Amino acid sequence: MKTAFLLATALLLAPMAARAADDHAPLRFVLIPKTVHPWFDKVNTGAQAAADLLGKTTGRKVEIEYRAPETADVSSQNDIIERAIATHPDGLILDLLDEKGNHATMLEAVDEKVPMTVFDSLPPEGMDITAVGADFCEQGTIAAQRLAGLIGEKGEVAIMIGVPTAPNHTRRAECERATFAKYPQIKVVATGIDNDSIETAQKQASAIMQAHPDLAGWVACDAAGPVGIGQAIRESGRTGKVREVGLDNLNDMIQLIRDGVADSSASSRPEMQGYWAVIAAWQRALGQKTPKYIDTGIDVLTRKNI
Amino acid sequence: MSLETTFPTTPPTPPRLPPLRRLAARCMRNPLGGVIAALVLIFGVSCLLSPHFLTGFNMMIMARALAFIGLVTIGQSILMILGELDLSVGAIGGLAGITGGMLMVQAGLNPWLSLVLCLLLGTACGMLNGVLITQLRLHSLVLTIGMAGVYGGAILVATKGVAITGVPVDISFLGRGLVYGVPVPFIVLLACLGVVAFVMVRTPVGRYVYAIGSNPEAARMLGLRVDAIRIAAFATAGFLSALAGILMVARLGTAQPSIGDTWVLAPIAAAVIGGVATTGGLGSPVGAVLGAVIIGIIENIIVLFGISPYWQSVVSGGIVVLAISFDSLARRYLHREA
């Protein structure tokens, strides 16, 4: 019985031991976003590009395992992170839903000696982890300021909040409100909640425009919201009358700008975030020091530059 | 032409079943046989397929993740045996967690007292569900959909969607602690399961629950206090959800408004896999928790294998449907053979 147990244990541990002994084994990074979403697919695209580049230039393959929680819920994300830690990857690349709620799980990664890099979010205080991303507040501010300019700094505007429990969405909303507050003749007359759903955003935007016929413009706080708003503007025949500045660079958003329904979009650069997160994780895996923050910047997408 | 009738002198021996069918028959005779057989199979396959599966760390995280969903599953399984459903259990867990965070952080109340108040709140929410269902003669499915909106909306009204941070570390042991390597939430789950299983098997109340679930009108005619038992069952489900909610707050160190969002369908699926009949009167909380273990292993192995997130739902949902279908077909087949 004892021999059988030892044999079974040896068989189970053999692949791990072989992997550890081989310095030329592929480097394996697990990329865990907030949830399943097209924006994170773009992050993954950038991450895969960086992995391909590193593999070709260094001769050592880099593998990215993309594992998204089905829902944007901290406990679900923690479960995914913990299960990823159990596989002892060479690095974790995380978009934290809430740095405080994720903290205990991240400490487990530290205990298991799995290096981490975060993107699109900030690490918990006191943890020496590189953060890659753009400033949410700056993104919201850019969108609100651009809309203020488009409507001549006066009139009624509305804000579409994404998921009210998502810190990045609420932060953008706060900064958009603060920006509009600087213009005495601009009034925020309505706030919708779309829960990151294009369909919900479309319904909410249609209802709000019915209730506020003098509405001059829209900003949003997530990637799905501005697409739904654009559809609502088009359906109501108010293209050009109600102005919209969107967020991010989903294909539908870009099409709305091309069609003239939306003016522009304040877009973080998801591909670049994925790319630089992998570069930072790779450096960490090799034991190199990495910068505290890598700012990938914000693009203002217009008909001229898309 | 003469008719010759012969009578056997010894009773005929039943035909010997093939080994696999014999095993299936043995499993099906035991109410927990099917789920235990499936669990052993899935566990064994997982051990063979992934070298990371049987590690101490992985077992620990699986046990901890099971604790939260397991507590909710116990409550939901009692209701399902009773022929009811509560779709607001997740929202009750979230509301209790948020209230706990507010009492501890914003009101500065003693963390342990806050914990007790949260459990009372969860129990009261469950009881309210039960009272409305029994007094207004509403279907539990319909009412609890509405109440899920009420409790979930109350969370957003109270928090504006923002997590409550700064939860005292006094209670963190409840969510993060280990006793001889076993997570504390898992120990809480085992304790609750032990109490509920005892009540369901060894006390008259448990027998009443099965009787009402099998035939509520007959139970009423026998003089059982059907409404009181229904209300008590909803209150128990509320209590267990609140316990899961407050343990999650202790685990995360913050009170997240999203706590409980994923606690609605998984416990129902777990209970069904564990042999609890959706029509009531059959099954056990122990089987339901074993069903939750199966779901937990499936979710774990999906991540260990690195299956695409877009396939995760298809795979886990498909396995659940397969398990339920297999169980149903096996029962029908064996019933026909008998």
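Excluded from the calculations below are hydrogen atoms, water molecules and symmetry mates; all remaining heavy atoms, backbone and side chain alike, are included. Chain naming here is simple, since letters A, B, ... match the order of the sequence lines and numbering starts at 1 in each. These numbers come from a predicted model, not from an experiment.
When the candidates B:Arg176, B:Arg64, B:Lys160 are compared by the number of heavy-atom contacts under 4.5 Å with chain A, B:Arg64 comes out ahead. Most heavy-atom pairs under 4.5 Å with chain B: of the set A:Arg67, A:Glu65, A:His103, A:His169, this distinction falls to A:Arg67.
Interface residue A:Ser76: only side-chain heavy atoms are found under 4.5 Å from chain B. Contacts between A:Ile85 and chain B at a heavy-atom distance below 4.5 Å involve backbone atoms as well as side-chain atoms. In this structure, the portion of A:Asn78 lying under 4.5 Å from any heavy atom of chain B is its side chain and not its backbone. Looking at A:Asp41, the atoms closer than 4.5 Å to chain B (heavy atoms on both sides) all sit in the side chain, from C-beta outward.
For A:Lys42, the NZ atom is densely surrounded, since the number of other residues' heavy atoms within 6.0 Å is greater than 12. Crowding of B:Leu265 atom CG: a count of heavy atoms from other residues, nucleotides or ligands under 6.0 Å not exceeding 12. No more than 12 heavy-atom neighbours from other residues, nucleotides or ligands sit within 6.0 angstrom of CD on A:Glu199.
Here the CZ-CD1 distance, from A:Arg83 to B:Ile61, works out to 6.5 Å after rounding to the nearest 0.5 Å. Atom CG in A:Asp73 sits 5.5 Å away from atom CG in B:Asp261 (nearest 0.5 Å). Atom-to-atom distance recorded for B:Ser258:OG and A:Gln77:CD is 10.0 Å, nearest 0.5 angstrom.
Within the 4.5 Å cutoff, no side-chain heavy atoms of B:Glu299 are placed close to those of A:Asp79. Between B:Met62 and A:Glu82 the shortest side-chain heavy-atom distance does not fall below 4.5 Å. Two residues are said to be in side-chain contact when any heavy atoms from C-beta on lie closer than 4.5 Å; A:Asp98 and B:Thr254 meet this criterion.
Residues of residues 241-252 of chain B having a heavy atom under 4.5 Å from any heavy atom of chain A, listed by number: B:Met248, B:Arg251, B:Leu252.
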